[in-house]
2 protein chains.
Amino acid sequence: MPSSEMPDKSVRATPGRAKRTTIHEVAKDARVSKTSVSRYLGEERKLLSDDLRERIEASIKRLGFKPDRIASSMRGRRTRLIGMVVADMLNPYTVAMMHGAETACREQGYSLVVCNTDRDDELERRHLDVLRAYSVEGLIVNTQGRNVDMLQELSNEGLPMVMVDRRVSELNVDMVGLDNHHAVSLATSHLLDQGYRDILLISEPIAGISTRQERSNGFQYALQACQDAHGDIIEVALTTPDALTEALKHFMQRPGAGPKALLSANGVVTTHICHVLRRHDSISFDTLGLIGIDELDWCALLDPGISTVAQPTQHIGQAAVDQLLARLSMSTRPIQHQLFEGSLNIRGSTRAR
Amino acid sequence: MPSSEMPDKSVRATPGRAKRTTIHEVAKDARVSKTSVSRYLGEERKLLSDDLRERIEASIKRLGFKPDRIASSMRGRRTRLIGMVVADMLNPYTVAMMHGAETACREQGYSLVVCNTDRDDELERRHLDVLRAYSVEGLIVNTQGRNVDMLQELSNEGLPMVMVDRRVSELNVDMVGLDNHHAVSLATSHLLDQGYRDILLISEPIAGISTRQERSNGFQYALQACQDAHGDIIEVALTTPDALTEALKHFMQRPGAGPKALLSANGVVTTHICHVLRRHDSISFDTLGLIGIDELDWCALLDPGISTVAQPTQHIGQAAVDQLLARLSMSTRPIQHQLFEGSLNIRGSTRAR
DNA sequence: AAGCGTTATGGAACCGTTCCCATAACCATA
DNA sequence: TATGGTTATGGGAACGGTTCCATAACGCTT
């Protein structure tokens, strides 16, 4: 017998979903129809007579029945899943926001499917595809903003969506984030108050990301309050570490209008700045002020403390979920952009002398 | 007419899942049966003739059809979901591990449903219930270990499961984590090498959590290498901040066998220690050494640098997923505990003088 | 031309729920 | 007793796919 080459397809061992007690078996056990069991499970429980209710309850307990959410979402069309697409899962801001969102979801009976794009557009598309395929009931997006078409389409299909942290102007959906103008003006005026007169805003490449743009604009605006102050903005890609080093060196050497300070546009930038400073001199804020947007675990730790503007990150995540659920139950409500105010934490890094 | 009080049930606006193109419409459009379309989508594509294949492909493109994963998981029984239950989502270790897991999932076509228990047993149970209800194909658990019965049950039902970071001895499932004995011995010998002779291990309450127990045991074992060294272990609940402060004060004042050092059992503890130290003196490691398990963003930053034993956190997350998928395709393979080695980062905080 | 093994295709059952609709049971009113 | 209006219950289609099984179509032998 000639053995024909043929891949063995028989292995396919454990099936994904284990066989469990079904509503049908409960119905049989309780001598009622599956409709009644379904009623018991859902919001129509009050329609049932005491008799049926008790029998069903007993059977469910005896058989250890747990309803299958997947099956129920088939006809019922409610997956109770919320999708979340984030650009950078390792960013402390993102983490705290996720945490707030997860908590809010749980409290409302939803679960969160988290997707990380690592700032990759193609990955973002793929993730959106997947989330659509799972019929998530809503989408929280922290997007790079280069897949507007796709997001637009999803939104048009009726998928509730809320942008978080960043807004995409073409996208006509709810948004939750920081009042960047206020935050940056808080930071800038503080620096000016402390006597700094030559200020450098360090941002990641703006590249159409609203948050960065707004912080940049806000900075320029806030500077105008002080005639004799000079401000500059520099965009550095953190992927090329030397860029930041060079930028800082250049800033320090350049003759300025007065005491120098850095304004870091976000937490990741702050971290990088500190690493660069540490690598060259040991960190001292006698000759160079520093304030950053985003509070980090260690800002109070690094002697003499780094001043920050803190975002209410967990609230933001929570608010995103709230918005989503609000829209879910009232799709016609007006589009809403919900901005939170940052709060200033003054520490040693901005006590000029 | 007496108006009877009655809640308005009619609002129930947008349904969760939008109406989309179905396999049935594609079939009609391509003049084939839905079976053929299903074949095209699945792994039986090679069974189709070129003619059909092309027609189906064209129709799918024209109609913009995207298969519904929920529906396909009904009969097909593969949800392509992985559930992950973590004790503390804000812990940097957890975050990095999640990141590794998310990446691995995506690469294998799975999605991750993340649940945070905030170290609450009841919440853990609820989350497990939910994940079961979604028929996740596998479970990654970073558990408090007080719901063994439930985890056991899930595992018995055939749900592949892998514990991460912490092991629960009663649970006969795969595990991925750090070689704690090695890590702690790395740290301890380093301290001894540097001449520290009075060492305090600071841990969160052991409370049956394997990782903490192992680090504690490993510490005691490693100490034996040095006759004239003295070691102590203290468990502090970080929820009562003064406990740690008191413990440190007591340790510092007590007469010791020689130079004193702290060994922090994990990153969260390290953070707390630094905060306490900073609040009292300014941090200086001249009179007190410090090394921590878990590398943190800022350990290199805090002058003169905090020594650590770093875990390959992302690898751990990735390995957890790998294990899960391996078991998914071969349920009979032997239980495996996969331990990674930590790596020592020597910095100024352990250069005794 | 009949018989047989392959390959390509379709029909229909099925997965575990929800929901629409029909109907039985009951009470009140005419 | 007939009529009508509730209320409690069940039957079965539906959801959007997958999979089992039957069969048509096609060579290839004999």
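All chains are named by letter (A, B, ...) in the order of the sequence lines, taking the proteins before the strands, and each is independently numbered beginning at 1.
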>> I'd like to know if A:Thr35 reaches the base of C:dT18 with its side chain such that a donor and an acceptor end up less than 3.5 angstrom apart.
In response: no
> Looking just at side-chain N and O atoms, do A:Arg78 and A:Tyr110 make a donor-acceptor pair shorter than 3.5 Å?
Replying inline: yes
>> Side chains of B:Ser111 and B:Arg80, heavy atoms from C-beta outward: is any pair under 4.5 Å?
In response: no
>> Can you give me the bend angle of the helix from C:dA1-D:dT30 to C:dA30-D:dT1? Use the axis through the first five pairs and the one through the last five, nearest 10 degrees.
In response: 70°
For nucleotides 4-9 of chain C, which of its nitrogen or oxygen atoms have a protein nitrogen or oxygen under 3.5 Å away, and what is each distance?
unit_1	atom_1	unit_2	atom_2	d
C:dA8	OP2	B:Leu47	O	3.4
C:dT9	OP1	B:Ser49	OG	2.8
C:dT9	OP2	B:Ser49	N	2.8
C:dT9	OP2	B:Ser49	OG	3.2

> Who passes side-chain hydrogen bond (donor to acceptor under 3.5 Å, both in side chains) against A:Thr143, sequence neighbours left out?
Replying inline: A:Glu124
> What's the NE2-C1' distance between A:His24 and C:dT18, to the nearest Å?
Replying inline: 15 Å
> With a 4.5 Å heavy-atom cut-off, do B:Glu137 and B:Leu328 have their side chains touching?
Replying inline: yes
> Which part of the nucleic acid does B:Ser72 contact within heavy-atom distance under 4.0 Å: base, sugar-phosphate only, or nothing?
Replying inline: sugar-phosphate
>> Whole angstroms only, please: what is the CD1-P distance between A:Ile70 and D:dT18?
In response: 14 Å
> For the side chain of B:Met74, counting heavy atoms from C-beta on, which of D:dG12, D:dG16, D:dC20 is nearest?
Replying inline: D:dG16
> Whole-Å distance between D:dG17 C1' and A:Arg75 CZ?
Replying inline: 15 Å
> Mind checking what makes side-chain hydrogen bond (donor to acceptor under 3.5 Å, both in side chains) contact with A:His24, not counting sequence neighbours?
Replying inline: none
> Ignoring hydrogens and angles, are the base of D:dG17 and the side chain of B:Lys34 linked by a donor-acceptor pair under 3.5 Å?
Replying inline: yes
>> Assess, by modelled atom type and distance only, whether the side chains of B:Gln336 and B:Arg327 contain a donor and an acceptor separated by less than 3.5 Å.
In response: no
> According to a strict under-4.0 Å criterion, is B:Arg78 in side-chain N/O contact with OP1 or OP2 of D:dT18?
Replying inline: no
>> Can you measure B:Lys28 atom NZ to C:dG11 atom C1' for me and round it to whole angstrom units?
In response: 17 Å
>> Contact between A:Arg132 and B:Arg20 at the side-chain level, heavy atoms closer than 4.5 Å - yes or no?
In response: yes
>> What is the distance, to the nearest angstrom, from the CZ atom on A:Arg31 to the P atom on D:dT9?
In response: 13 Å
> With distance as the sole criterion, do the side chain of A:Thr22 and the base of C:dC15 form a donor-acceptor contact below 3.5 Å?
Replying inline: no
>> Among residues at least two apart in sequence or on other chains, which ones pass side-chain hydrogen bond (donor to acceptor under 3.5 Å, both in side chains) with B:Gln152?
In response: none
>> Taking side-chain hydrogen bond (donor to acceptor under 3.5 Å, both in side chains) as the definition, give me every residue that meets it alongside A:Glu122, ordered by chain and number, with sequence neighbours left out.
In response: A:Arg126
> Does B:Tyr134 reach the main-chain N or O of A:Thr79 with its side chain, forming a donor-acceptor pair under 3.5 Å?
Replying inline: yes
>> Looking only at the side chain of A:Ile23 (C-beta and beyond, no hydrogens), which of the listed nucleotides C:dT17, D:dG16, D:dG12 gets closest?
In response: C:dT17
>> Expressed as a whole number of angstroms, how long is the span from A:Arg77:CZ to D:dA13:C1'?
In response: 15 Å
> In whole angstroms, how far is the P atom of C:dC14 from the CG atom of A:Asp68?
Replying inline: 18 Å
>> Please report the distance, rounded to the nearest Å, between CG in A:Leu41 and P in C:dT17.
In response: 8 Å
